Structure formats: structure tokens, C-alpha cells
Amino acid sequence: METLNVLGIETSCDETSVAVIKNGSLYANLISSQDFHTEFGGVVPELSSRAHLQILLPLIKQALQKSSITLSDVDLVCSTAGPGLIGALLVGLTFAKGLSYSLNKPFVPVNHIEGHIFSGFLMDDKPEFPYLCLVVSGGHTLLLIVKSDTEIIQLGTTVDDAAGEAFDKVSKLIGLGYPGGPKIQQLSENVKNDFIDFPVAQCKNEFDFSFSGLKTAVLRFIQKEYGTPERIPKDDLALIAASFQRTAVKSLTNNVEKALHKFNVNSISLAGGVAANKLLRTEFERIAKQYNKKLVIPANEYCGDNAAMIAYRGLKLYECGFEYSLNANAFPSLHQNTLIKTSVLTN
Ligand code: KG4
Ligand code: ZN
């Protein structure tokens with residue numbers, strides 16, 4: 001199995017990505033980001049699909065070349081099937097299915113979030129089962145216990161906005177633009193004290209998350225103090241960004257710590273676009289030390305959307321004996337084509 005040449009394709013949102021795993025090692029993980037959405041303040045689905053169409057084939061050629069293989073050497077084709085933007089997903093999925101059919105090689109549709117969950121395995125130092133995993137992206141916020149390659153238990157999720165979505169919305173609100181995460185992080189960098197006390201939401205399920213109240217609290221603060229966002233002085237803007245970031249990160253890490261008190265795990269891992277956040281990483285380092293757990297945070301290129309995690313997950317599912325047909329279709333929401341179980345664990 002280790003010797004299979006795997007082609008992975010990811011087109012779920014605004015990154016086109018192609019990866020090649022050869023002899024069990026990652027040879028290429030090419031990512032082309034659609035920066036042009038910035039001027040619209042968010043991803044425009046139809047523009048995203050068209051851009052995937054244009055870039056996918058050249059990117060596949062480049063990835064194969066980088067890995068010194070040709071199409072006929074590909075043994076397994078994997079592609080994200082969902083969740084994501086349907087039009088965008090269809091570009092990668094349809095191409096992958098066509099390729100699999102023409103090469104007469106197996107095809108594995110991959111759940112994008114499962115890709116993120118196992119992205120720690122792309123690192124040299126890998127997570128050890130069972131591990132606690134926080135997936136934080138633009139569309140999802142999930143706290144999970146990963147017991148094995150095929151047993152994933154969801155402890156909590158967001159009841160409203162995703163963590164990345166909260167960063168993006170607050171960024172837009174204070175005039176920083178899209179994507180908000182890196183912009184808020186950068187503006188917050190020099191703020192060390194005098195933080196504004198924004199509330200951390202408490203949910204009915206102790207492991208769920210909520211960010212819409214925090215977003216409203218930021219808005220109310222701005223309205224009360226300045227009237228409109230345009231009137232915020234530059235220094236105060238940084239303080240608002242940093243205070244929001246601190247509270248958002250606290251909402252995430254509070255639940256991680258609660259889970260560590262309740263469940264016995266060997267490692268903790270962080271995944272998804274928001275995992276690039278420096279404060280969140282630093283907090284995870286503190287938690288790992290305090291609770292004496294192995295910490296695996298993927299490198300930045302494996303945190304955001306990438307095809308390496310899709311190729312890895314597809315290969316693992318194939319090795320585990322899952323069978324797929326070319327009838328697999330694209331799907332928009334998380335709980336389809338997934339091994340993630342939502343039943344609550346008691347330890
Ligand atoms: O996983 P991802 O690349 O795409 C989705 O599947 O959604 O995540 C994108 C999200 C965006 O909301 C972006 O603002 C956020 O990740 N993000 C960050 C940072 N870098 C990206 N959020 C906080 N801090 C960052 N440094
Ligand atoms: Zn993602």
C-alpha cells in the first residue's frame with residue numbers, strides 16, 4: 001500500500017490545491033489562492049468555481065512534474081466531496097471522477113473536515129491516538145476526540161458562527177477587510193494590556209461554542225464609545241481587535257481545557273485556517289505543557305485548505321478498505337460522507 005501514487009485535489013472554497021503522495025511521502029502540495037475575493041469582502045461562489053476551472057489542470061501538471069511522475073503512474077485519485085461551495089466542489093470532484101474513470105484507477109471522495117482532522121499526520125511528529133482535536137476554519141468549529149483512523153467523536157460545535165467567520169465579520173466591522181484572521185492578528189500584535197472585557201459565551205452543551213454574542217458585543221462597544229466604526233482612533237482599533245482575538249481564543253481554549261479534565265487523551269491537535277493564529281498556538285502550547293500532553297499543530301501550509309490532507313485522508317480510507325463508486329456526489333454540509341459521530345462520550 002505504501003507504494004501507491006496518490007493524486008489529491010481540493011477545491012471546496014477559494015483555494016485550488018493539488019498534492020501528490022508517492023512511496024508514502026508527500027512530494028507536492030501546490031496551493032493557488034483566489035485573492036481577488038478581497039474586493040468583495042468575502043468569497044463569491046460563482047467566481048470561485050470559474051477560477052478553479054482555469055487553474056486546476058495547470059496545477060495538476062505542475063504537481064505531477066514536481067513529483068517526477070506522469071498521469072499514467074497515478075494509482076489512486078482523491079478529491080474533496082464536501083462540505084463546501086457546491087459549484088467549487090463540483091469542479092475538483094468531477095475532474096477527479098473523470099480521471100479515475102479514464103485511468104481505470106480507484107477514486108476516494110474525502111470529507112474536507114476529516115482532511116483537517118488528520119492533517120497533523122502530515123507532520124514528522126504525529127498525533128498519538130486517542131487525541132483531542134480542535135478544528136477551526138471559516139465554516140466550522142469542532143471539538144473532537146479522535147480514537148483511531150475510523151472512530152471520530154464530536155464533543156462540541158458552534159451553535160452560530162464559526163471561529164474564522166467571527167474573525168472575518170469583526171474584521172469587516174472595523175474596516176480591516178477579508179480574510180479577517182490574519183488582519184486582526186497583525187493589528188493586535190503590539191497590544192499587551194488594558195484589554196476590553198468582552199464576554200465568553202456559555203452554551204447548553206459544555207463543549208459547544210458561540211461567537212455571535214461576541215460579535216454583537218464588539219458592535220455595541222463601538223456604537224457606545226464612538227458612534228460609528230469610522231470614528232475609532234487608530235490605537236483604539238488595535239485594542240478592539242486584540243480584545244476580540246483574546247476573547248475568541250479564550251472561548252476556544254476554555255472548552256479544550258474542560259475536555260482535558262473529562263477525557264483521557266494522549267495528544268492534542270489543532271487544525272483548520274484559524275490554527276495559523278499565533279495567540280491560539282501559544283495557548284495550545286501552554287495547555288499541552290500544563291496537562292502534559294503531546295502537541296501536534298500542522299505547519300501553516302497544512303492548516304489552511306490544502307490537498308495534502310485530502311490525499312492523506314483518501315489514502316488512509318482506501319487502506320482501511322472503504323469502497324467507493326463514481327456515483328459519489330458533492331455535498332454542502334458537514335455530516336455527510338463522514339465517520340464523525342455526534343454521540344456524547346462519557347469517560
Ligand atoms: O480552513 P480555512 O483555510 O478555510 C475554510 O475551510 O474555511 O479557514 C479560513 C479561515 C478564515 O476565516 C480566516 O480568517 C481564518 O481561517 N484565518 C485566521 C488566521 N489565518 C486564517 N484566523 C485567525 N488568525 C489567523 N492568523
Ligand atoms: Zn478548510
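In each ligand, atom 1 is the first atom listed, and ligand 1 is the first ligand listed. Note that these values count all heavy atoms, side chains included, but never hydrogens, waters or copies made by symmetry. These numbers were taken from a predicted model, which means no experiment stands behind them.
Counting heavy atoms closer than 4.0 Å to ligand 1, residue Asp168 contributes side-chain atoms (C-beta onward) but none from N, CA, C or O. Contacts with ligand 1 closer than 4.0 Å are made by no heavy atom of His140, backbone or side chain.
With respect to Glu114 and Arg313, a salt bridge is recorded, a charged nitrogen being found less than 4.0 Å from a carboxylate O. Taking 4.0 Å as the cut-off between side-chain N and carboxylate O, Arg50 and Glu46 count as a salt-bridged pair. A salt bridge does not link Lys341 with Glu151: every distance from a Lys NZ or Arg NE/NH1/NH2 to an Asp or Glu carboxylate oxygen is 4.0 Å or more. Glu285 and Arg281 are not joined by a salt bridge, as no carboxylate oxygen comes within less than 4.0 angstrom of a charged side-chain nitrogen. Between Glu225 and Arg220 there is no salt bridge, since no side-chain nitrogen of the basic residue lies less than 4.0 Å from a carboxylate oxygen of the acidic one.
Not a single N/O/S atom of Cys13, whether from backbone or side chain, sits less than 2.8 Å from the Zn ion (ligand 2). The Zn ion (ligand 2) lies at 2.8 Å or more from every N, O or S atom belonging to His140.
Listed by number with element, the atoms of ligand 1 under 4.0 angstrom from any heavy atom of Gly164 are 12 (O). Shown in contact with Gly180 at under 4.0 Å from a heavy atom are these atoms of ligand 1, numbered in order with element: 14 (O). Close approach to Gly139 involves these atoms of ligand 1, each under 4.0 Å from a residue heavy atom: 7 (O). Atoms of ligand 1 lying under 4.0 Å from any heavy atom of Ala276, numbered from 1 in the order shown and given with element: 26 (N). In the vicinity of His116, heavy-atom distances shorter than 4.0 Å reach the ligand 1 atoms 1 (O). Counting atoms of ligand 1 from 1 in the listed order, those under 4.0 Å from a heavy atom of Gly304 are 3 (O). Within ligand 1, counting atoms from 1 as listed, the ones closer than 4.0 Å to a heavy atom of His112 are 6 (O).
Side-chain rings of Phe167 and Phe244 approach one another, their centers coming within less than 6.0 Å.
Residues Val265 and Tyr291 are not in side-chain contact: their nearest non-hydrogen atoms beyond the backbone lie 4.5 Å or more apart.
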Practice item. Start with the C-alpha gap between Phe107 and Tyr101, add the side-chain angles, then the distance that decides, and say whether ring pair (Phe, Tyr, Trp, His ring centres under 6.0 Å) holds. Key: CA-CA 8 Å; Phe107 160 73; Tyr101 183 72; over 10 Å; no

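Protein heavy atom nearest atom 7 (O) of ligand 1, with residue, atom name and distance: Gly138 N, 2.7 Å. Among protein heavy atoms, atom 1 (O) of ligand 1 sits closest to Gly273 N, 2.9 Å.
In this pair, His116 and His112 present their aromatic rings perpendicular. The plane angle is above 60°, beyond the 30 to 60° band. Below 30°, between 30° and 60°, or above 60°: for Phe121 and Tyr312 the angle between ring planes is below 30°, a parallel geometry.
By the 4.0 Å heavy-atom criterion, Cys13 is excluded from the residues contacting ligand 1.
In terms of N/O distances under 3.5 Å, ligand 1 is not approached by Gly272. Residue-to-ligand polar distances keep Glu15 apart from ligand 1: every N/O pair is separated by 3.5 Å or more.
The Zn ion (ligand 2) sits nearest to atom OD1 when only the N, O or S atoms of Asp305 are considered.
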